[in-house]
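When reading the values below, keep in mind they use all heavy atoms of this one structure, side chains included, and skip hydrogens, waters and symmetry mates.
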Amino acid sequence: MNLAISKEQTMALQVLNILVQEQSISIETIAERLDEDEYEIKVILDKWREFLHLESIATEIHYSLYHASFRDWLRQQIESKF
């Protein structure tokens, strides 16, 4: 059980790191970068919905953090952990 939680937390941190680096990105692109299933990425993003801005570009939904200063703050938090 702890391994499943650890893997989920690790993947969530990886997704967050991508969101911090990108202005706008689709689930498909995140899944490709992490070599993970799109459904797993969607589950993580759904948990963070209140902090995300969704934008429809062509036929895809693109996700971004709702404010640039929030993205900068998160970037600092992530960098301080490593």
What do the steps show when you test Q23 against R71 for side chain to side chain contact (heavy atoms under 4.5 Å, CB included), and what is the final call? CA-CA 9 Å; Q23 294 291 327; R71 184 177 59 244; 3.3 Å; yes
Please lay out, stage by stage, how L74 and F51 fare under the test side chain to side chain contact (heavy atoms under 4.5 Å, CB included). CA-CA 11 Å; L74 280 174; F51 304 106; over 6 Å; no
Rounded to the nearest 0.5 angstrom, the OG-CD distance for S26 and E32 is 7.0 Å
Applying the side-chain contact (heavy atoms from CB on, under 4.5 Å) criterion to K47, which one of V43, I44, L45 satisfies it? V43
Provide the closest heavy-atom pair for S24 versus I57 in the form atom of the first, atom of the second, distance. OG-CD1, 4.2 Å
Could you give me the CA-CA distance, side-chain angles and deciding distance for L65 and V20, then say whether side chain to side chain contact (heavy atoms under 4.5 Å, CB included) is met? CA-CA 7 Å; L65 294 168; V20 164; 4.0 Å; yes
Is the closest basic N to carboxylate O distance between R49 and D46 below 4.0 Å? no
Assess whether a salt bridge exists between E22 and R33, defined as any Lys/Arg side-chain N lying under 4.0 Å from an Asp/Glu carboxylate O. yes
The reported gap from CD1 in I27 to CD in E60 (rounded to nearest 0.5 angstrom) is 9.5 Å
CG of D37 to NZ of K42: how many Å apart, nearest 0.5 Å? 12.5 Å
Is there a side chain to side chain contact (heavy atoms under 4.5 Å, CB included) between W48 and L19? Walk through the geometry before answering. CA-CA 11 Å; W48 298 341; L19 286 172; 4.0 Å; yes
How about I41 and E28: do any of their side-chain heavy atoms sit closer than 4.5 Å? no
Atom CG of L52 and atom OH of Y66: how far apart are they, to the nearest 0.5 Å? 10.5 Å
Which distance, rounded to the nearest 0.5 Å, do you find between the CD1 of I25 and the CD of E55? 13.5 Å
